[in-house]
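Contents: one structure, followed by commentary.
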4 protein chains.
Amino acid sequence: MSLASASAARPAPPRRTPKGERTAERILDAAEALFAEHGYAGTTLRAVADRVGVRIPSLYNHFASKDALYAAVLERGLAPVIAVLSDTLEPEGLGSRDSGELVERVMAVLAERPELPRLVQHETLTGGQHLTPMLRSWVTPLFARAHDLAMATPATRRWGPEQIPLLVLAFYHVVVGFFTIAPLLHEWVGEDPRDEAVIERQTRFLRQLVETLLPDEPPADA
Amino acid sequence: MSLASASAARPAPPRRTPKGERTAERILDAAEALFAEHGYAGTTLRAVADRVGVRIPSLYNHFASKDALYAAVLERGLAPVIAVLSDTLEPEGLGSRDSGELVERVMAVLAERPELPRLVQHETLTGGQHLTPMLRSWVTPLFARAHDLAMATPATRRWGPEQIPLLVLAFYHVVVGFFTIAPLLHEWVGEDPRDEAVIERQTRFLRQLVETLLPDEPPADA
Amino acid sequence: MSLASASAARPAPPRRTPKGERTAERILDAAEALFAEHGYAGTTLRAVADRVGVRIPSLYNHFASKDALYAAVLERGLAPVIAVLSDTLEPEGLGSRDSGELVERVMAVLAERPELPRLVQHETLTGGQHLTPMLRSWVTPLFARAHDLAMATPATRRWGPEQIPLLVLAFYHVVVGFFTIAPLLHEWVGEDPRDEAVIERQTRFLRQLVETLLPDEPPADA
Amino acid sequence: MSLASASAARPAPPRRTPKGERTAERILDAAEALFAEHGYAGTTLRAVADRVGVRIPSLYNHFASKDALYAAVLERGLAPVIAVLSDTLEPEGLGSRDSGELVERVMAVLAERPELPRLVQHETLTGGQHLTPMLRSWVTPLFARAHDLAMATPATRRWGPEQIPLLVLAFYHVVVGFFTIAPLLHEWVGEDPRDEAVIERQTRFLRQLVETLLPDEPPADA
DNA sequence: GATGAATGAGGATTCATTCAT
DNA sequence: AATGAATGAATCCTCATTCAT
């Protein structure tokens, strides 16, 4: 999956020293956290460097620009989610059983990188310019297939064909929103969504949501 | 802090102190659009001034600082939504009929100010520091009441009491997410969510979501 | 002649306050001296600001960028020389009498702004990108006319038609070179070419050069 | 200071200490071209390294600093010209015949390294600090001798003794200026002064200039 | 109320240089 | 001899803010 830093033009060092590789990784970690919290514009290279424990110019030994760093963060962060999605959607459709499993897997992946959804949300809000290239090649076809398969499930009895995409988007928003609103809930309710119990509760909730909205059996009134 | 025009504002120009008020309003409009698109950090006073057709220092004749301008934008934007929410939730609970109506009203309000959800999303993502004071006095009690009332509806048979808040949040995310993802969809699918037809479709979808998730009648298996 | 700062996009202030105008002028003065001495790359905005007695950001209130400042310096500096050239060349040709007069006038103009030739030399050496637009509209036609007229003088008996441009260029180089090499001569011979006597000597020399190379009368051996 | 290869250098690769020397030479070539085009301040070590196809730190294996590299470039470039000058001026004076020959030889040397005059011009314009030591030991005595000899030729009948240096300088400027203005002419007239025909034309022109300004025979009117 | 001018702080980025490998 | 990594200093430029007009 090594498409890392496609835009990191100049410094793209041919042979990575283990030391350098580790530094680059640490930079990515720091940048991921900061971009997720403050967005692109709100994140300073100074903040990244400080977090890594390095001087600002050193960042440029690993990434050609703030923008390239941002792209690399997105790329690295999105890869596993894409993998899960494409893996799970490969063979079958959106029946409640599989959808439930998909939801569970996605939640598991995101639980390990809870900043990721916020990162994507930031990017989405500001236009998704960096998302588009990645998604055009990955998510768009996935979305299309999800749609096709969903059309072939009993769910269509309840949901019209043109509503299926809305349903998929809705799930997307619920899942992403859960992580997005995390820090606020933490402050308001004192409940940290990075807590395992909280995540499990949300996963259960999502499962029930799937079962209610996309039942395997045709609804009773059919 | 000059809380500008707590009512719906845009279509009906409020009492106009001939000139200044109109300028302040135009500044708020410009700032709202820009903050919604780029967030606080990504929005420049120069950009605001340019959009208004005025020089930067003039902004300071109407708002004490960038921060104050931002607060005013949030305040003005949130007021009508809060009004709808508190109005609708006042007497009764979350039965599907009323919930459907609530969803419809909220969609109607947001359809007139589609940047608002993005504004709130930005703020939420970056910590919601500006949101907290407003919400602590408005939304938090609303939320509590919604919860209480929901507990008294048949929905509880399907959803455990601790799931009700998750359900409410889920609806929040679906509604807000619809507007949030607008520009991307516009670019990817060519579908402008500010389009009336698109909004109506989404509203229908939300209605059906409400009916499915919070049926008036106890579910068939009860 | 106010074509000042054609590329100074943003700040181009509509109404110039006398104070601001004076500041802009002082910036131009400082920049002219520095660009002439160190060239574009070798000149720092810090150096300019220091010389003006102002902070760096203030420069941006008057010129949109280092590049725009540079262009404005060139423009302002070149204008009078262009004026002299086009004025003198207007009616007649390159006969020794008029050419001598032209040389004299040019020397007089340059004597008042001895940094100008160095400025132009720097620009020429580094590609003349900033010169081209100015010269395309001014010098190129002048050059053409000079050529045409020269062709009609007795000089052609001595110089073939294709040599006339070389002759013109040679004069250009001798004149410009005199000022260009000034600081070196000052250091080596202790002779300051900004000295009036030195300039007058050079002017006499140029006059004799003109008379020798472009005699009014056909050369004796013809 | 590693004075590299004082002879004509490029066509005949000097004694090659297998690898390093060749790299040093390639660095000098790249640096010469870049310094000539952009001057000292406008040339970055990155640009040099890129042109050589090597990483920046490698440059430091061959030259102690940017400044040392610059000095080496000047030294290597100037040596052959100095050689020609001192050789030609050795025995005799500035009679038109010998002067013509000198001009021809200088043109020949420069034609092989057309960047050299631009290099020197850059250096001259920015103060000539690096030139001074070289010139003090080479050119200054040459100049003095040229002056002495010139004083003993018939030319003095036309040119006063104090004008001889001006004449020499004028030739210097015409010769150097020809190469200096090359890129501009290339762009404006489409005529590449590195073209053999162009150089020959200029040489012919210079010869005629010499004959006109420094005739062997006393001028007809004497 | 509007704005030209000025500026402290800080933004991303480049540069020449060093050093360990 | 070559180079990845690191960095102090400096680059151009932007930002939010102030103030006199």
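Naming convention: chains lettered A, B, ... in sequence-line order (proteins, then strands); numbering from 1 in each chain. Hydrogens, waters and symmetry mates are skipped; everything else that's a heavy atom, side chains included, is used.
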How long is the line joining [atom1] of [X] and [atom2] of [N], in whole Å?
| X | N | atom1 | atom2 | value |
| --- | --- | --- | --- | --- |
| B:F63 | F:dT18 | CZ | C1' | 19 Å |
| C:I27 | E:dA6 | CD1 | C1' | 11 Å |
| C:R22 | E:dG4 | CZ | P | 18 Å |

Check: Excluding sequence neighbours, so at least two apart, what forms ring-ring contact (aromatic ring centres under 6.0 Å, His included) with B:H130?
Finding: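 Expected list: B:Y70.
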Check: Hey, where does DNA chain E pair up into stems, meaning at least three consecutive Watson-Crick or G-U pairs with distances under 3.5 Å?
Finding: E:2-21 with F:2-21
Of all the choices, [options], which nucleotide is nearest to the side chain of [X] once you look at every atom?
| X | options | result |
| --- | --- | --- |
| A:Y60 | F:dA6, F:dC13, E:dA12 | E:dA12 |
| A:R55 | E:dG8, F:dG8, E:dA2 | F:dG8 |
| D:N61 | E:dT3, F:dT17, F:dA1 | F:dA1 |
| B:H62 | E:dT17, E:dT13, E:dA2 | E:dA2 |
| C:P57 | F:dA2, F:dT17, F:dC15 | F:dC15 |

Next item on the list: Please figure out whether B:D67 or C:I56 has its closest DNA chain F nucleotide nearer the 5' end.
Entry: C:I56
Margin query: If you assign B:K66 and D:L59 each to the DNA chain F nucleotide with the nearest heavy atom, which residue ends up on the more 5' nucleotide?
Written below: D:L59
Notebook entry, point to check: Looking at residues 28-45 of chain A, who's got a heavy atom less than 4.0 Å off DNA chain E?
Noted result: A:T43, A:T44, A:L45
Margin query: Can you tell me if A:R46 touches the phosphate of E:dG11, counting only side-chain N or O atoms and a distance under 4.0 Å to OP1 or OP2?
Written below: yes
Check: Taking only side-chain nitrogens and oxygens of B:T23, does any of them come within less than 4.0 Å of OP1 or OP2 of E:dG1?
Finding: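 For E:dG1, OP1/OP2 do not have a side-chain N/O of B:T23 under 4.0 Å.
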Next item on the list: Take A:S65 and C:S58, find for each the nucleotide of DNA chain E with the closest heavy atom, and name the residue whose nucleotide sits nearer the 5' end.
Entry: C:S58
Note to self: Closest-nucleotide mapping onto DNA chain E: is B:G53 or C:G53 further toward the 5' terminus? I mean the 5' end.
What the structure shows: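 Its nearest nucleotide lies further toward 5', so the answer is B:G53.
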Distance-only donor-acceptor pairs under 3.5 Å for side chains of residues 43-58 of chain A, two or more places apart:
| unit_1 | atom_1 | unit_2 | atom_2 | d |
| --- | --- | --- | --- | --- |
| A:T43 | OG1 | A:L34 | O | 3.1 |
| A:T43 | OG1 | A:G39 | O | 2.6 |

Item checked: For C:T126, side chain to side chain contact (heavy atoms under 4.5 Å, CB included) partners two or more places apart -> C:E123, D:H122
Rounded to the nearest 0.5 Å, how far does [atom2] of [Y] lie from [atom1] of [X]?
| X | Y | atom1 | atom2 | answer |
| --- | --- | --- | --- | --- |
| C:H62 | C:E25 | NE2 | CD | 11.0 Å |
| A:E115 | A:E37 | CD | CD | 10.0 Å |
| B:Q129 | B:T124 | CD | OG1 | 11.5 Å |
| A:T23 | A:N61 | OG1 | CG | 9.5 Å |

Check: When you look at B:F35 and B:L69, which way does the side chain to side chain contact (heavy atoms under 4.5 Å, CB included) test go after all the steps?
Finding: CA-CA 10 Å; B:F35 283 137; B:L69 171 58; 4.2 Å; yes
Next item on the list: Only counting residues at least two apart or in another chain, list the ones meeting salt bridge (charged side-chain N to carboxylate O under 4.0 Å, His left out) with A:E32.
Entry: A:R76, A:R113
